[in-house]
There are 2 protein chains.
Amino acid sequence: MRVDAQRNYEHLLDTGRVVVVEQGAEASLRDVARRAGVGLGTLYRHFPSREALLEALLRESFEKLAAQAAELEAASAPADALIVWLRDFVAFSRTYRGVTEMMMAAIENTESALHTSCVRLRGAGTQLLTRAQAVGAARPDMDGTDLFALVTALAWLGDQPSSATRAGHLFDIIASAILVNRASGDSLSESP
Amino acid sequence: MRVDAQRNYEHLLDTGRVVVVEQGAEASLRDVARRAGVGLGTLYRHFPSREALLEALLRESFEKLAAQAAELEAASAPADALIVWLRDFVAFSRTYRGVTEMMMAAIENTESALHTSCVRLRGAGTQLLTRAQAVGAARPDMDGTDLFALVTALAWLGDQPSSATRAGHLFDIIASAILVNRASGDSLSESP
DNA sequence: ACCTGAACACCGTTCAAGT
DNA sequence: ACCTGAACACCGTTCAAGT
């Protein structure tokens, strides 16, 4: 890659981060290019789709979440591992508004630049769920797709102003449906 | 209202129904006016905002849901009444894609044409929830806002292609978190 | 009293022309 | 190789001009 192209790529990524934090996953790409001081075509050259830009912005987080699933699987009790990971997933999804909706679309769409990452994350969750189910800690009548849907719905609720303040409590409610045989009084999530 | 205005109003409502079924709550208003054979200004005269059009399209359903809550409260056991009503709410939300997201925004926004209807529906749900809590059939640590958020999240999952087919099962999972002390094996929702 | 559609300020996306 | 920005086809929203 030519040095000026490399500089543009990085500048677009930095600016993209700022604009997507401000406007959410549906941010104006024109605005990104404008604020990066770059022609629109340059943005499209480096990121041929909105999903490609988001994938670049989220790659690190995706990898961290996948790595952490593996660690939790090795080091924590099945129920704890599952809950901690779900909590991390919801926390991650709060980085960019609307990213959850885009991921739900991407997981069905092989063409999407986010597809592989989404499938990978669903796979990581599935493993933690299966492990918890094997020891009777998670309800047996659900699969990784259901888990992904539920955690995604929680992330979506976190995006909505009218439910955002209750997000922690809503997490507890749904977590209590996923886990079974838990001693009452166990705390499933951190502070409000 | 002049007779031609009345005719335009009704034609816009009919066309709006068709277009919103096709495109969802974010449907092109230009398209509605175009397909109704009416100037854009005429649409804005009759429906000063997108929410105003949706409110007109949904008014009947809103009223039915509110009336049914009252009936269920009079005629059904607290837990059954709550679950049946929640199921009806999710079924209603399937009429127009994305209507749920708009309702979540409207319930916080006094200016929205959908605000009153949303508050009313949340109130109806709250009554059914409180009644179920009073007999120990619903978990005590949630309120009407939580209930509205959960049912809205279920509706949202029904809008997503990747989870729509599991909607019935996801309803059961969340319903099991809301209800307590239920005999296992009870069916909470109709067929898939 | 009501309707029309041009006008304005925005999009996403593509691609000929430039360096 | 890479960049630019005009061009195209869309939006939502407003409002002067018409009937």
Side-chain angles (χ1 to χ4, degrees), chain A residues 1-57 96-99 101-102 105-106 109 111-114, chain B residues 1-57 96-99 101-102 105-106 109 111-114:
Chain A
M1 209 195 275
R2 237 165 57 178
V3 290
D4 57 339
Q6 178 74 31
R7 245 211 346 252
N8 279 336
Y9 178 88
E10 272 151 23
H11 198 202
L12 278 166
L13 216 51
D14 290 343
T15 311
R17 212 175 294 277
V18 172
V19 176
V20 174
V21 162
E22 275 179 28
Q23 304 178 18
E26 306 286 358
S28 160
L29 298 181
R30 244 192 171 78
D31 214 22
V32 174
R34 202 156 33 209
R35 283 157 73 163
V38 140
L40 249 177
T42 304
L43 186 151
Y44 275 93
R45 161 178 288 274
H46 289 299
F47 306 104
S49 66
R50 178 182 296 278
E51 282 80 9
L53 174 58
L54 272 150
E55 200 277 331
L57 290 176
Y96 305 122
R97 228 174 338 133
V99 78
E101 195 149 3
M102 203 150 265
N109 176 10
E111 307 302 309
S112 168
L114 286 166
Chain B
M1 207 193 280
R2 237 164 58 179
V3 290
D4 56 341
Q6 179 73 31
R7 246 212 343 253
N8 279 338
Y9 179 88
E10 271 150 24
H11 198 203
L12 277 166
L13 216 51
D14 289 343
T15 311
R17 212 176 293 276
V18 172
V19 176
V20 174
V21 162
E22 275 179 28
Q23 304 178 19
E26 305 287 356
S28 160
L29 298 180
R30 244 192 173 79
D31 214 21
V32 173
R34 201 155 35 209
R35 284 157 74 163
V38 141
L40 248 176
T42 305
L43 187 149
Y44 276 92
R45 161 178 289 273
H46 288 298
F47 306 104
S49 67
R50 179 182 296 278
E51 283 79 10
L53 174 59
L54 273 151
E55 200 276 331
L57 290 177
Y96 305 122
R97 227 173 339 133
V99 79
E101 195 149 1
M102 204 150 263
N109 177 11
E111 307 302 309
S112 169
L114 286 167

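By convention in this document, chain letters (A, B, ...) are assigned in the order of the sequence lines, proteins followed by strands, and residues within each chain are numbered from 1. None of the values given here were measured: they were computed from a predicted structure.
- Between A/R7 and A/D4 there is no salt bridge, since no side-chain nitrogen of the basic residue lies less than 4.0 Å from a carboxylate oxygen of the acidic one.
- In terms of modelled atom types and a separation under 3.5 Å, the side chain of B/R97 and the main chain of B/E22 share a donor-acceptor contact.
- Using a 4.0 Å heavy-atom criterion, one finds that A/A33 contacts no nucleic acid atom at all.
- Between A/Y9 and B/L29, it is A/Y9 whose nearest contact on DNA chain D lies nearer the 5' terminus.
- DNA chain C forms stems at C:4-8 with D:12-16, C:12-16 with D:4-8, each a run of 3 or more consecutive Watson-Crick or G-U wobble pairs whose two key distances fall under 3.5 Å.
- Checked for salt-bridge contact, A/R34 and A/D31 meet the test: a charged N lies under 4.0 Å from a carboxylate O.
- Taken to the nearest 0.5 Å, the CD atom of A/E26 stands 5.5 Å off from the CZ atom of A/R50.
- Of the candidates A/L53, A/T42, A/L54, A/L53 is the only one forming a side-chain contact (heavy atoms from CB on, under 4.5 Å) with A/F47.
- On the nucleic acid side, DNA chain D contacts chain A at distances under 4.0 Å to non-hydrogen atoms, with the end points of that region at D/dA1 to D/dA7.
- Residues A/L13 and A/L57 approach most closely at O-CD2, 3.5 Å, considering heavy atoms.
- Where A/D31 and B/D4 meet DNA chain C, the nucleotide closest to each residue was compared, and B/D4 sits on the side nearer the 5' end.
- Within residues 44-56 of chain B, the residues having any heavy atom closer than 4.0 Å to DNA chain D are, in order of number, B/Y44, B/R50.
- No engagement by A/R7 is indicated, since no non-hydrogen atom pair under 4.0 Å with the nucleic acid exists.
- Nucleic acid contact for A/S28: sugar-phosphate only, since backbone atoms but no base atoms lie under 4.0 Å from a heavy atom of the residue.
- Side-chain contact check for A/M102 versus A/L114: some heavy-atom pair is nearer than 4.5 Å.
- To the nearest 0.5 angstrom, A/L43 atom CG is 11.0 Å from A/Y9 atom OH.
- The shortest non-hydrogen separation linking A/S49 to A/A113 is OG-CB, 4.5 Å.
- For the pair A/H11 and A/V38, the minimum side-chain heavy-atom distance is 4.5 Å or more.
- The minimum heavy-atom distance linking A/L12 with A/A33 is given by the pair CD2-CA, 4.4 Å.
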